[in-house]
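Quantities reported herein were computed from a predicted structural model and do not represent experimental measurements.
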Amino acid sequence: MVPLIWLAANDEGSIIKSKVPPSKVVDGVPMYALDKHTRLGREAIRRFAAENDEVRATLARHVPTGRRNEAAYMAAFYADAAPLATKLVWNGADALEELVTETDLLLSGVPPEGFAPLLAVFRDNLGHLDEVRARVFTQQRSASTGIPSILAAG
């Protein structure tokens with residue numbers, strides 16, 4: 001894929017540094033790593049979507065009931081796992097990135113009018129998402145070591 005993107009940049013591309021959202025780190029693991037691609041990430045995102053009133057309401061307003069988990073996984077991914085600290089930019093790169101994001105959201109059950117509100121509510125609540133991820137991660141580690149989670153948290 002990289003050579004194709006480099007060709008698309010047509011020698012007019014440049015490498016830029018971008019700001020990425022801060023992420024909580026637990027035992028050396030950045031919480032953005034618990035995303036739609038991991039079992040613990042999906043569990044954390046489902047819990048977050050159920051706990052967070054704004055996220056739950058936005059999903060209910062824009063996404064059919066049977067597609068809300070998939071939509072939440074994708075929105076979480078684009079909120080904090082997809083942003084890159086260093087990236088190649090060229091004329092048309094932003095439009096391509098937007099097309100890919102919108103296509104992924106559409107395939108996850110989000111209608112076009114829901115793209116912006118859903119991404120915004122996830123980005124605005126990343127702190128809460130990271131708290132839930134940390135809870136899920138810590139509970140799993142406690143369960144696998146046999147230490148009760150109430151003792152592990154203390």
Side-chain angles (χ1 to χ4, degrees), residues 1-2 4-5 8 16-89 92-145 147-150 152-154:
M1 190 70 163
V2 172
L4 293 175
I5 292 172
I16 64 165
K17 299 254 185 228
S18 300
K19 186 174 166 117
V20 295
S23 182
K24 183 179 185 91
V25 176
V26 178
D27 292 337
V29 177
M31 291 295 95
Y32 67 79
L34 275 64
D35 69 0
K36 71 185 204 112
H37 297 102
T38 68
R39 181 184 58 79
L40 289 180
R42 289 187 302 275
E43 180 180 335
I45 294 164
R46 285 190 306 271
R47 285 188 193 182
F48 165 71
E51 285 181 18
N52 189 289
D53 294 337
E54 287 179 272
V55 169
R56 191 174 57 252
T58 303
L59 285 165
R61 189 169 31 259
H62 295 287
V63 182
T65 305
R67 303 300 307 273
R68 291 184 187 153
N69 285 341
E70 286 300 316
Y73 302 153
M74 193 59 70
F77 175 76
Y78 278 107
D80 72 346
L84 301 172
T86 305
K87 67 182 190 177
L88 173 66
V89 295
D94 290 339
L96 179 60
E97 184 175 356
E98 186 176 331
L99 175 66
V100 170
T101 302
E102 291 176 351
T103 300
D104 280 346
L105 288 169
L106 194 60
L107 291 171
S108 298
V110 182
E113 64 275 7
F115 297 165
L118 189 60
L119 290 174
V121 76
F122 269 78
R123 288 178 179 134
D124 290 347
N125 288 281
L126 282 176
H128 184 199
L129 175 56
D130 273 352
E131 289 172 22
V132 176
R133 286 171 166 159
R135 223 181 317 136
V136 168
F137 182 72
T138 303
Q139 289 169 350
Q140 175 62 37
R141 287 183 56 108
S142 296
S144 65
T145 61
I147 301 170
S149 59
I150 193 162

Chi angles and distances behind the side chain to side chain contact (heavy atoms under 4.5 Å, CB included) call for Ile45, Phe77 = CA-CA 10 Å; Ile45 294 164; Phe77 175 76; over 6 Å; no

inquiry  = For Arg123 and Val121: C-alpha separation, side-chain torsions, deciding distance, then whether side chain to side chain contact (heavy atoms under 4.5 Å, CB included) applies.
reply    = CA-CA 6 Å; Arg123 288 178 179 134; Val121 76; over 6 Å; no

request  = Using the side chain to side chain donor-acceptor pair (under 3.5 Å) rule, take Tyr73 and Asp35 through it: C-alpha gap first, then chi angles, then the decisive distance, then the call.
outcome  = CA-CA 7 Å; Tyr73 302 153; Asp35 69 0; over 6 Å; no

inquiry  = What verdict does the ring pair (Phe, Tyr, Trp, His ring centres under 6.0 Å) test give for Phe122 and Tyr78, after you've listed the backbone C-alpha separation in whole Å, the side-chain angles of each residue and the deciding distance to 0.1 Å?
reply    = CA-CA 9 Å; Phe122 269 78; Tyr78 278 107; over 10 Å; no

request  = Starting from the C-alpha separation in whole Å, work towards a yes-or-no answer on side chain to side chain contact (heavy atoms under 4.5 Å, CB included) for Asp130 and Asp80.
outcome  = CA-CA 10 Å; Asp130 273 352; Asp80 72 346; 4.1 Å; yes

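Between His37 and Arg42, the shortest heavy-atom contact is C-NH1, 3.6 Å. Taking every heavy atom of both residues into account, Leu40 and Phe137 meet most closely at CD1-CD1, 4.4 Å. Across all non-hydrogen atoms, the minimal contact from Ser18 to Leu84 is CB-O, 3.2 Å. When all heavy atoms are compared, the tightest approach of Pro30 to Ser23 is C-OG, 4.0 Å. Between Ala49 and Leu59, the shortest heavy-atom contact is CB-CD1, 3.8 Å. Contact between Val136 and Arg47 at its shortest, heavy atoms only, is CG2-NH1, 3.5 Å.
Here the NZ-CD1 distance, from Lys87 to Ile16, works out to 5.5 Å after rounding to the nearest 0.5 Å. Here the CG atom belonging to Leu106 is positioned 11.0 Å from the CE atom belonging to Met74, to the nearest 0.5 angstrom.
Not one N or O on the side chain of Arg46 forms a donor-acceptor pair closer than 3.5 Å with the backbone of Asn69. When atom types are taken as modelled, the side chain of Arg67 and the backbone of Leu107 share a donor-acceptor pair closer than 3.5 angstrom. The backbone N or O of Leu34 sits nowhere less than 3.5 Å from a side-chain atom of Thr38 that would complete a donor-acceptor pair.
Note on residues 49-61: pairs passing side-chain hydrogen bond (donor to acceptor under 3.5 Å, both in side chains), not counting sequence neighbours, are Glu51-His128, Glu51-Arg135, Asn52-Asn125, Asn52-His128, Asp53-Arg56.
Looking at Lys36 and Glu70, no side-chain N of the basic residue comes within less than 4.0 Å of a carboxylate O on the acidic one, giving no salt bridge.
Residue Tyr32 qualifies as open at atom OH: its count of foreign heavy atoms under 6.0 Å is 12 or below.
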